[in-house]
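Reminder, nothing fancy here: chain letters follow the sequence lines and each chain counts from 1. None of these values were measured; they are calculated from a predicted model.
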Amino acid sequence: MIKKVVTRFPPSPTGHLHIGGARTALFNWLLARSQNGIFVLRIEDTDVGRSTQEMTDGILQAMQWLGMDWDLGPYFQSERLDIYNEHIEGLLASGQAYNCQCTAQEVEAMREEARTKGEKPKYNGRCRELGLWPGPGRVVRLKAPLEGDTGFQDLVKGYNRVDNRELDDFVLRRADGMPTYNLAVVVDDALMGMTHILRGDDHLSNTPKQVLLYQALGFELPQFGHVPMILGPDKKKLSKRHGAMSVLEYREKGYLPQAVLNTLVRLGWSYGDQELFAHDELISLFSLQNLGKSACVFNPEKLDWVNAQHIKNSPVEELVPLLGEQLRPKGLPRADPKYLQEIIPLLQPRSTTMVDMAEQAAVFVLNADDIVYDPDLVAKVITPEAKAHLLALRDRLAWLESFAQSDLEGVITEYLEETGIKFKLLAQPIRVSITGKKASPGLFETMAVLGKEQVLRRMDRALSL
RNA sequence: GUCCCCAUCGUCUAGCUGGCCCAGGACGCCGGCCUCUCACGCCGGUAACGGGGGUUCAAAUCCCCCUGGGGACGCCA
């Protein structure tokens, strides 16, 4: 029987979920979903000083917004201390770990010494054979092998091996009694039955340490897959300075979760020349084989394009609530969903983000009296001559019973034929008079959606300027 | 400094076991078409195999060296 795939995403609540973390989560989530496996969410909050509830909440919210649902968890490492201690005691009892009384300063001195000798900075194993008892200020270290080497097969980077002399007796339990990252991940990943661990390749070099721990604890090794990192535009590790925005900020900026996912998945993964992926496609098409192995840079402009594509391809009903949400912060009146449903198709091909769409929706949801006319634009476009035409047209429109696009076209075509003028000359004056802007969706559709009352009142206002 | 990873257009990438690649797609940028404006769309253009050695009839594709970039060396994760 083939083992069911189990993956996890283990964020540390010491910061926001940014695109790097989100992509790691995405790969794990996709692997689980595509294999009909289990996706576990685990909060790694062993750094009590820096972990906050607020960050935890934000991360959970971001995961939900992106639609990456988890089957198990969220587990909190801070609630599993007994489990870690139990395993640490086991290692101590079997002589695979030991208590160390060296202070942080002393260890730093050892590292400095190694550095001056041109070696890799390491703890020198001073307390290794001392047989010390636990005590205040003491940490527990792994009694790591002094020779030989440690290797593992990586799903994306291939076989990796390091000389054990590069490793040192790293800390498993801190002086404050909390387990360290390496101990806690290994214990949790093993106990929670992880089959695959996909993470950034910044973890590649401490994987051997973890392999050592798996061996010491007698756990079966999972499959590791180290995906290339997402770097900032300056090719440096992503940090607050770059686009390391919180995922939630993309929601505020009007990006669709599906577009964010689509953009992230293409960073380090590809499926031939395909650029756009629907939600279900992501799951059905994802596979480990198509993961790349070199670092990449996140390109916000591509996100814009992908987002615009997704907006264009989204069913109108799905956009209605999203547009509604974006209207409020702009101080625009709330509009009837039915009405939004009518204007959205006009805005879909013109919007990069939902915020952008909301801005363009203003002319539709605003009342005639609240339309803002730019004096310069009006002076330039609504000339005395144009005014005469607008006036004549206004009267004809007033007679219309139906304001359907075809009716509007009929009236205007008729007017053009009678007067012999070109539509081109009339279009901008009409546009400016009913929207106050020099650009808008097509005139007939705009008028049809606005409706007779709004159109006439706006023309009246423009004519009275 | 030591160890590890990586290396195709500005960016994301295709290029699976070498020939179909004087390198394809996408974003961006630049032209053009469409057109009532703005977009969408469509058409076209710009731009890359880091360098040097091999192996081979043939290398972007395999090997080595160099260079470059990144990462890790925490009682952070």
> If the C1' atom of rU55(B) is compared with that of rG18(B), how far apart are they to the nearest Å?
Replying inline: 11 Å
> Which one is paired to rA58(B), where only Watson-Crick or G-U wobble pairs with both distances under 3.5 angstrom count?
Replying inline: none
>> Without decimals, in angstroms, what is the distance between Leu443(A) CG and rU37(B) P?
In response: 10 Å
> Paired with rA26(B) by Watson-Crick or G-U wobble geometry, both distances under 3.5 Å: which nucleotide is it?
Replying inline: rU11(B)
> Rounded to whole angstrom units, what separation is found between the CG atom of Leu425(A) and the C1' atom of rU37(B)?
Replying inline: 14 Å
> Within the structure shown, what part of the strands sits under 4.0 Å from Pro208(A) by heavy-atom distance: base, sugar-phosphate, or nothing?
Replying inline: nothing
>> Parallel, tilted or perpendicular, judged at 30° and 60°: which one describes the rings of Tyr181(A) and His203(A)?
In response: tilted
> Asn299(A) has an atom CG; how far is it from atom P of rU13(B), in whole Å?
Replying inline: 11 Å
> Counting N and O atoms only, with roles assigned by atom type, does the side chain of Asp201(A) sit under 3.5 Å from a partner on the main chain of His226(A), one being a donor and the other an acceptor?
Replying inline: no
> Considering only rU37(B), rC75(B), rC5(B), which nucleotide approaches the side chain of Asn160(A) most closely?
Replying inline: rC5(B)
>> With rounding to the closest Å, how many angstrom separate the P atoms on rG53(B) and rC40(B)?
In response: 47 Å
> With no hydrogens and no angle check, is any side-chain donor or acceptor of Trp269(A) less than 3.5 Å from a backbone partner on Ser287(A)?
Replying inline: yes
> Between Lys120(A) and Asp168(A), does a salt bridge (charged side-chain N to carboxylate O under 4.0 Å, His left out) hold up when you go through it step by step?
Replying inline: CA-CA 10 Å; Lys120(A) 178 169 256 181; Asp168(A) 70 353; over 6 Å; no
> Less than 4.5 Å apart, any side-chain heavy atom of Thr56(A) and any of Phe76(A)?
Replying inline: yes
> For Glu275(A) and Gln309(A), does a side-chain donor sit closer than 3.5 Å to a side-chain acceptor?
Replying inline: no
> Base, sugar-phosphate, or nothing: which does Thr103(A) touch, judged by heavy atoms less than 4.0 Å apart?
Replying inline: base
>> What verdict does the salt bridge (charged side-chain N to carboxylate O under 4.0 Å, His left out) test give for Asp163(A) and Arg165(A), after you've listed the backbone C-alpha separation in whole Å, the side-chain angles of each residue and the deciding distance to 0.1 Å?
In response: CA-CA 5 Å; Asp163(A) 190 321; Arg165(A) 279 169 297 201; 2.8 Å; yes
> Roughly how many Å is it from CZ in Phe444(A) to P in rC36(B), rounded to a whole number?
Replying inline: 9 Å
> Parallel under 30°, tilted from 30 to 60°, perpendicular over 60°: which one fits the rings of His87(A) and Phe219(A)?
Replying inline: tilted
> Taking a pair as Watson-Crick or G-U wobble with both distances under 3.5 Å, which nucleotide is matched to rC38(B)?
Replying inline: none
> Is there a donor-acceptor contact under 3.5 Å from the side chain of Thr180(A) to the main chain of Val171(A)?
Replying inline: yes
> More 5' along RNA chain B: Gly158(A) or Arg141(A), using each one's nearest nucleotide?
Replying inline: Gly158(A)
> Roughly how far apart, to the nearest Å, are rC9(B) and rC5(B) at atom C1'?
Replying inline: 24 Å
> Contact class for Ser440(A) (heavy atom, under 4.0 Å): base, sugar-phosphate, or nothing?
Replying inline: base
> When you measure from the side chain of Lys452(A) to the backbone N and O of Leu400(A), does any donor-acceptor pair fall under 3.5 Å?
Replying inline: yes
> Can you tell me how far P in rG15(B) sits from the matching atom in rC57(B), rounded to whole Å?
Replying inline: 28 Å
>> Using a 4.0 Å heavy-atom cut-off, does Lys312(A) contact any base of the nucleic acid, only the sugar-phosphate backbone, or nothing at all?
In response: sugar-phosphate
> So which nucleotide does rC21(B) pair with, by the Watson-Crick or G-U wobble rule with both distances under 3.5 Å?
Replying inline: none
> If you look at every strand shown and take non-hydrogen atoms under 4.0 Å, does Gln309(A) touch a base, only sugar-phosphate, or nothing?
Replying inline: sugar-phosphate
>> From the set rA14(B), rA7(B), rC36(B), return the single nucleotide nearest to any side-chain atom of Ser294(A).
In response: rA7(B)
>> The side chain of Lys424(A) is closest to which nucleotide in this list: rA7(B), rC75(B), rC36(B)?
In response: rC36(B)
> Now, which nucleotide makes the Watson-Crick or G-U wobble pair with rC49(B), with each of the two distances under 3.5 Å?
Replying inline: none
> Less than 6.0 Å separating the ring centroids of His18(A) and Phe298(A)?
Replying inline: no
>> Measure CG/Leu393(A) against P/rC36(B) and give the value in whole Å, please.
In response: 16 Å
>> Using atom P in both nucleotides, what's the gap between rG68(B) and rC27(B) to the nearest angstrom?
In response: 35 Å
> Starting at the 5' end of RNA chain B and moving along, which residue's nearest nucleotide shows up first, Cys296(A) or Ser351(A)?
Replying inline: Cys296(A)
> Would you say Thr46(A) reaches rA77(B)'s phosphate, i.e. side-chain N/O to OP1/OP2 under 4.0 Å?
Replying inline: yes
>> Can you identify which nucleotide, out of rC12(B), rC3(B), rC6(B), has its nearest atom closest to the Val162(A) side chain?
In response: rC3(B)
Distances for protein N or O near nucleotides 64-74 of chain B N or O, under 3.5 Å:
residue: rG70(B); atom: OP1; partner: Lys236(A); partner atom: NZ; Å: 2.4
residue: rG71(B); atom: OP1; partner: Lys237(A); partner atom: N; Å: 2.8
residue: rA72(B); atom: OP1; partner: Lys237(A); partner atom: NZ; Å: 2.5
residue: rA72(B); atom: O4'; partner: Ser205(A); partner atom: OG; Å: 2.9
residue: rA72(B); atom: O2'; partner: Ser205(A); partner atom: OG; Å: 2.8
residue: rC73(B); atom: O2'; partner: Pro121(A); partner atom: O; Å: 3.1
residue: rG74(B); atom: OP2; partner: Arg111(A); partner atom: NE; Å: 2.1
residue: rG74(B); atom: OP2; partner: Arg111(A); partner atom: NH2; Å: 3.4

>> Over all strands shown, is Gly268(A) touching base, sugar-phosphate only, or nothing at heavy-atom distances under 4.0 angstrom?
In response: sugar-phosphate
>> Looking at the base of rC36(B), is there any donor atom on it, or on the side chain of Arg431(A), that sits under 3.5 Å from an acceptor on the other one?
In response: yes
> Taking the same atom, C1', in rA47(B) and in rG10(B), what whole-Å distance lies between them?
Replying inline: 8 Å
> What is the distance from CE of Met357(A) to P of rC38(B), rounded to the nearest Å?
Replying inline: 20 Å
>> Could you identify the nucleotide paired to rG68(B), looking across every strand shown and requiring Watson-Crick or G-U wobble geometry with both distances under 3.5 Å?
In response: rC6(B)
> Taking atom C1' in both rC20(B) and rC63(B), what distance in whole Å separates the two?
Replying inline: 25 Å
>> Rounding to an integer number of angstrom, what distance separates rG54(B) and rG71(B) when you compare their C1' atoms?
In response: 31 Å
> What's the verdict on salt bridge (charged side-chain N to carboxylate O under 4.0 Å, His left out) for Arg350(A) and Glu359(A), showing C-alpha distance, side-chain angles and the deciding distance?
Replying inline: CA-CA 11 Å; Arg350(A) 300 172 163 74; Glu359(A) 278 162 14; over 6 Å; no
> Taking protein heavy atoms under 4.0 Å as touching, what does nucleotides 16-26 of chain B look like 5' to 3' if B marks base contact, S marks sugar-phosphate-only contact and - marks none?
Replying inline: --------BBB
>> Without decimals, in angstroms, what is the distance between Leu264(A) CG and rU13(B) C1'?
In response: 15 Å
> Rounded to whole angstrom units, what separation is found between the CD atom of Glu409(A) and the P atom of rC36(B)?
Replying inline: 11 Å
> For Arg50(A) and Ser12(A), does a side-chain donor sit closer than 3.5 Å to a side-chain acceptor?
Replying inline: no
> Whom does rC16(B) pair with, Watson-Crick or G-U wobble, provided both distances fall under 3.5 Å?
Replying inline: none
